[in-house]
Amino acid sequence: MTDNAQCDIWYQALLDRDSGYTGLFYVGVKTTGVFCISVCRARKPKRENVAFYRDFKSALDAGFRPCKVCRPTENACSAPDFIEQAVSLVRGNLKTRISDMQLRERNISPERVRRWFLQHHGITFQAFQRMLRVNVALQGLKGGRSATDVAFDSGYESLSGFGYTCKKLTGASPSAGQQVIMIHRFTTPIGPMFVCATGRGVCLLEFVDRRMLETEFRDLQRLLKARIITGENAHTRQAEKEISEYFAGQRRQFSLALDLPGTDFQRHVWQGLQAVPYGETTYYQALAEQIDRPGALRAVAAANGANRVAIVIPCHRVIGKDGSMTGYGGGIARKAWLIAHETSSQGYEEVQP
């Protein structure tokens with residue numbers, strides 16, 4: 001960021017630890033090599049010793065590492081207190097719609113809640129509520145309960161109202177036994193991630209700023225013949241748990257169930273990637289030879305790029321034959337970070353899968 005007037009405003013926000021600027025900018029400290037968010041409690045640097053960035057990926061690309069005090073890649077993307085309160089209110093009252101009046105009674109601005117959900121999830125707060133209610137209802141249907149019982153137990157005033165909402169969100173009536181894809185957002189030390197899962201397993205795990213992410217969402221819905229809706233299931237919760245253990249240096253292998261639409265060749269390549277040992281790297285030619293397809297170098301590279309489950313299927317371990325950092329959907333800076341993390345995470349006691 002080179003606009004000095006804007007940088008001066010951000011620098012003052014850093015001095016004031018102004019939470020209103022959390023996530024709006026990232027400040028790289030040249031003397032320490034770290035980057036922070038506005039609320040960092042660490043000693044404040046001089047104005048001439050800082051550089052400002054609009055996103056943490058740019059700070060990473062510039063060579064700065066996340067501050068251990070304010071943990072910018074985690075906390076800049078975490079929900080603020082008023083959002084946590086609103087979500088807790090919804091989760092505690094899944095059978096009723098939380099109105100703007102109910103939010104105001106708790107000193108929560110409905111306008112701020114709407115803006116935050118649109119900015120971070122691309123949906124309104126009311127759509128988020130509808131998705132959670134349908135999610136709970138669909139779990140009830142999978143348990144063998146009737147659509148009528150599930151509809152009224154989930155707070156719907158009529159079976160037709162439940163059917164309309166269900167069809168609008170999932171594309172099928174409640175009685176059709178349709179599959180849905182749950183999507184959940186969580187944070188990591190190098191940025192927030194989306195995890196998507198069906199009832200069979202995880203089908204997507206990507207950083208939220210990954211290029212072509214919208215295309216991946218469309219492809220998943222087409223290949224699995226299912227709609228993506230906000231929610232959680234056992235697979236999304238397990239993914240968040242295991243990924244957190246990975247970043248804490250406590251997990252090398254994953255036990256997640258996976259639901260991977262793709263060709264037989266793609267799945268063969270993905271299995272080959274999972275066989276690359278933790279802390280080691282490979283290159284496309286070696287990977288092609290490993291799966292007994294030495295002449296299919298380009299196809300192997302394409303299948304590697306088509307991987308939708310980052311880290312668990314470790315495409316970040318594929319580098320250039322000369323040791324160079326080749327492309328990575330989550331960004332070269334993240335790829336280098338992941339390889340360094342695995343290389344340095346030695347001598348720990350791994351959790352049991």
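Keep in mind that this is a model prediction, so the values were computed, not measured. Atoms considered below: every heavy atom in the structure, side chains included; atoms not considered: hydrogens, waters and symmetry mates.
Exactly one of Phe64, Phe247, Phe207 qualifies for a ring-ring contact (aromatic ring centres under 6.0 Å, His included) with Trp337. That residue is Phe247. Exactly one residue among Val202, Val195, Leu205 makes a side-chain contact (heavy atoms from CB on, under 4.5 Å) with Thr236. That residue is Val195.
Arg267 approaches Leu260 most closely through the heavy-atom pair NE-O, 3.1 Å. Taking every heavy atom of both residues into account, Ile339 and Thr343 meet most closely at O-OG1, 2.8 Å. The heavy-atom pair separating Val39 from Arg17 by the smallest distance is O-NE, 3.4 Å.
Using a 4.5 Å cut-off on side-chain heavy atoms (C-beta onward), Asn233 and His184 make no contact. Taking the side chain as every heavy atom from C-beta outward, Leu103 and Phe82 never approach each other to under 4.5 Å. Counting heavy atoms from C-beta on, the side chains of Val276 and Thr281 never come closer than 4.5 Å.
Considering only residues two or more places apart in sequence or on other chains, Tyr283 meets the ring pair (Phe, Tyr, Trp, His ring centres under 6.0 Å) condition with none of them. By the salt bridge (Lys or Arg N to Asp or Glu O under 4.0 Å) test, Glu48 is found to be paired with no residue, residues two or more places apart in sequence or in another chain being considered.
We find that Glu245 and Lys241 are joined by a salt bridge, their nearest charged nitrogen and carboxylate oxygen being less than 4.0 Å apart. A salt bridge links Arg114 with Glu111: at least one charged nitrogen is closer than 4.0 Å to a carboxylate oxygen.
Atom CZ of Arg47 has more than 12 heavy atoms from other residues, nucleotides or ligands within 6.0 Å. Around the CZ atom of Arg104, the shell of radius 6.0 Å holds more than 12 heavy atoms that belong to other residues, nucleotides or ligands. Within a 6.0 Å radius of CE in Met212, other residues, nucleotides and ligands contribute 12 heavy atoms or fewer.
Leu258 and Phe186 fall within the same hydrophobic cluster, where Ile, Leu, Val, Met, Phe, Trp and Tyr residues are linked whenever their side-chain heavy atoms come under 4.5 Å apart, directly or through other members.
At least one cation-pi condition fails for Arg293 and Phe265: the charged atom is not both under 6.0 angstrom from the six-membered ring centre and inside a 45 degree cone around its axis.
The CD1 atom of Ile243 lies 10.5 Å from the CD atom of Gln238; values are rounded to the nearest 0.5 Å.
Trp10 and Phe25 have parallel rings, their planes meeting at less than 30° on a 0 to 90° scale where 60° marks the start of perpendicular. Note on ring orientation: taking the six-membered ring where Trp is involved, the planes of Tyr26 and Phe56 are perpendicular (angle over 60°, cut-offs 30° and 60°).
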Check against side-chain hydrogen bond (donor to acceptor under 3.5 Å, both in side chains), Thr31 and Asn49: CA-CA 7 Å; Thr31 52; Asn49 291 332; 4.8 Å; no
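Listed for the Gln129 side chain is no donor-acceptor partner under 3.5 Å among the backbone atoms of Val90.
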